[in-house]
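Structure first, commentary second.
Treat the numbers as computed from the prediction; the structure is a model and nothing was measured. Note: hydrogens, waters and symmetry copies are ignored here, and every other heavy atom, side chains too, is used.
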Protein chains: 2
Amino acid sequence: MTSLSIAEAAERTGLTAHTLRYYERDGLLLHSVDRAPSGHRRYTDEDLRWIQMVTRLRATGMPIRDVRRYAALVREGDGNEAERLALLLAHREVVERQLAEVTGHLRAIDHKIALYENKVAPAP
Amino acid sequence: MTSLSIAEAAERTGLTAHTLRYYERDGLLLHSVDRAPSGHRRYTDEDLRWIQMVTRLRATGMPIRDVRRYAALVREGDGNEAERLALLLAHREVVERQLAEVTGHLRAIDHKIALYENKVAPAP
DNA sequence: GCTTGACTTGGAGCGCACTCCAAGTCGGAC
DNA sequence: GTCCGACTTGGAGTGCGCTCCAAGTCAAGC
């Protein structure tokens, strides 16, 4: 079992050390990160796997407070899987709607781009 | 040519009256909106079309300052089409990368969802 | 003439998600 | 033993994009 410093964990997760501390303080992690005798944080593989899930939720636009709620459910342990599922399904729907919306807008922007391309370097 | 009050324009564009004033103040529109003799804003169809473009750019994540730059280019008039095109193409690329990233994360979240679905209501 | 409601303004305030600061601690190299 | 660099903390600060407030104006209805 490897165990990483906060700088290494930051590099591995693509977050900053600041953000890692912030997530921990804010209850987005499943528990306080282990400490070396010096008091420095030591991140386990399990920590990193969870942080990756948090990153996925954040990267798809889930607000911090919802991630916190999801983390709280997981922390509680077995028995609330239906609730976790509901949370993820609700998020999934939001993300899909957003993807569709953005895709639609992008298509419209593409039309604009095509107009400019014709103006700048007209098709023969 | 219809011309709408700020409340009507808000309804039509899906923005709030607050946001419409804010966009105008911040230079996101092509020019100051016309006024009725009372001083109230009157939005033309052309205004609404431009605001729709702004909305598309914003909804795809373009920062306010970039929208402002694009608006400035359009305001300048003919001759800078290549620059406008470059701005839109750059934005397009950002959006596509983002769409790909979000889609990837969503797929991973879907796996998690599938696990929970099996746990909550196991497949027969 | 008074009320009502939709608007006007400059400027302040807000929520989110970080991001940074100051002051301190620790372990290891020299 | 002292220097360095990586870390620690509580709390303050930042940037973005709105969002709201207070005080005022205007036109229409009664």
Side-chain angles (χ1 to χ4, degrees), chain A residues 2-29 31-44 47 51 53-71 91 94-95 98 101-102 105, chain B residues 2-29 31-44 47 51 53-71 91 94-95 98 101-102 105:
Chain A
T2 57
S3 109
L4 306 177
S5 73
I6 195 167
E8 291 164 331
E11 201 195 350
R12 215 84 90 166
T13 58
L15 303 173
T16 68
H18 286 311
T19 303
L20 284 171
R21 289 194 205 97
Y22 164 65
Y23 280 1
E24 186 178 346
R25 253 195 292 179
D26 241 47
L28 271 57
L29 305 191
H31 43 68
S32 303
V33 175
D34 283 353
R35 299 304 176 110
S38 62
H40 293 194
R41 289 174 177 78
R42 288 291 168 254
Y43 290 83
T44 65
D47 290 333
I51 291 166
M53 181 66 185
V54 170
T55 300
R56 289 193 195 290
L57 295 175
R58 290 288 306 120
T60 49
M62 183 183 284
I64 293 280
R65 64 179 169 287
D66 291 3
V67 179
R68 183 163 43 230
R69 229 188 98 226
Y70 182 62
H91 178 57
V94 171
V95 175
Q98 240 168 246
E101 196 201 318
V102 169
H105 285 312
Chain B
T2 56
S3 107
L4 306 178
S5 73
I6 194 166
E8 292 164 330
E11 201 195 353
R12 216 81 91 166
T13 58
L15 303 174
T16 67
H18 285 310
T19 301
L20 284 172
R21 289 194 205 95
Y22 164 65
Y23 280 1
E24 186 178 346
R25 252 195 291 177
D26 241 47
L28 271 56
L29 305 191
H31 43 69
S32 302
V33 175
D34 284 353
R35 301 302 177 112
S38 62
H40 292 193
R41 288 173 178 78
R42 289 291 168 254
Y43 290 83
T44 65
D47 291 332
I51 291 166
M53 181 66 186
V54 170
T55 300
R56 289 192 194 291
L57 296 174
R58 291 289 306 122
T60 48
M62 184 182 283
I64 293 278
R65 65 178 170 286
D66 291 3
V67 178
R68 181 162 46 228
R69 229 188 99 225
Y70 182 62
H91 178 59
V94 170
V95 176
Q98 239 167 249
E101 196 200 317
V102 169
H105 285 312

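Contact annotation for B:Ala36: no contact, since no heavy-atom pair falls under 4.0 Å across all strands. Counting any heavy atom pair closer than 4.0 Å across all strands shown, B:Arg41 reaches sugar-phosphate atoms only and no base atom. Residue A:Ala7 is classed as a sugar-phosphate contact, given heavy-atom separations below 4.0 Å to backbone atoms only.
Checking the phosphate oxygens (OP1, OP2) of D:dT9, a side-chain nitrogen or oxygen of A:Arg35 falls inside 4.0 Å.
If you take CG of A:Asp26 and P of D:dG11, they are 15 Å apart, rounded to a whole angstrom. Rounded to whole Å, the distance from CZ on A:Arg21 to P on D:dG11 is 16 Å. Atoms CG (B:Leu15) and P (D:dG17) sit 14 Å apart, rounded to a whole Å. Atom-to-atom, CZ of A:Arg42 to P of D:dA6 comes out at 13 Å; the value is rounded to the nearest Å. The nearest whole Å value for the distance from the CG atom in B:Asp66 to the C1' atom in D:dG17 is 14 Å. Rounding to whole angstrom units, CD of residue B:Glu24 and C1' of C:dT9 are separated by 12 Å. Atom pair B:Ile64:CD1 and D:dT19:C1' shows a separation of 13 Å (rounding to whole Å applied). Between the CZ atom of A:Arg65 and the P atom of C:dC16 there is a distance of 5 Å, rounded to whole Å.
Map B:Gly61 and B:His18 each onto its nearest nucleotide of DNA chain D; the residue landing nearer the 5' end is B:Gly61.
Here D:dC18 is the nucleotide among D:dC18, C:dA17, D:dT8 with the atom lying nearest to any side-chain atom of B:Tyr22. Distances from the side chain of A:Arg25 to the nucleotides C:dT8, C:dG10, C:dC20 place C:dC20 closest. Of the candidates D:dG17, C:dA17, C:dC18, C:dA17 carries the atom nearest the A:Pro63 side chain, counting heavy atoms from C-beta on. Here the nucleotide nearest the side chain of B:His40, chosen from D:dA6, C:dA6, C:dT19, is C:dA6. Checking C:dC18, D:dC7, C:dC26 against every side-chain atom of A:Tyr23, the shortest atom distance belongs to C:dC18. Distances were taken from every side-chain heavy atom of A:Ser5 (C-beta onward) to each of C:dC18, D:dG17, D:dC7; the shortest belongs to D:dC7. In the set D:dA27, D:dC18, D:dC7, D:dC18 carries the atom at the smallest distance from any side-chain atom of B:Arg58.
The closest side-chain heavy-atom distance from A:His91 to A:Tyr70 is not below 4.5 Å. Residues A:Leu15 and A:Tyr23 form a side-chain contact, since some pair of their non-hydrogen atoms from C-beta on lies under 4.5 Å apart.
No donor-acceptor pair under 3.5 Å is formed between the side chain of B:Glu11 and the backbone N or O of B:Glu8.
Rounding to the nearest 0.5 angstrom, the gap separating the CZ atom in A:Arg41 from the CZ atom in A:Arg35 is 4.0 Å.
The side chain to side chain contact (heavy atoms under 4.5 Å, CB included) test with A:Val33 is passed by exactly one of A:Leu20, A:Leu4, A:Asp47: A:Asp47.
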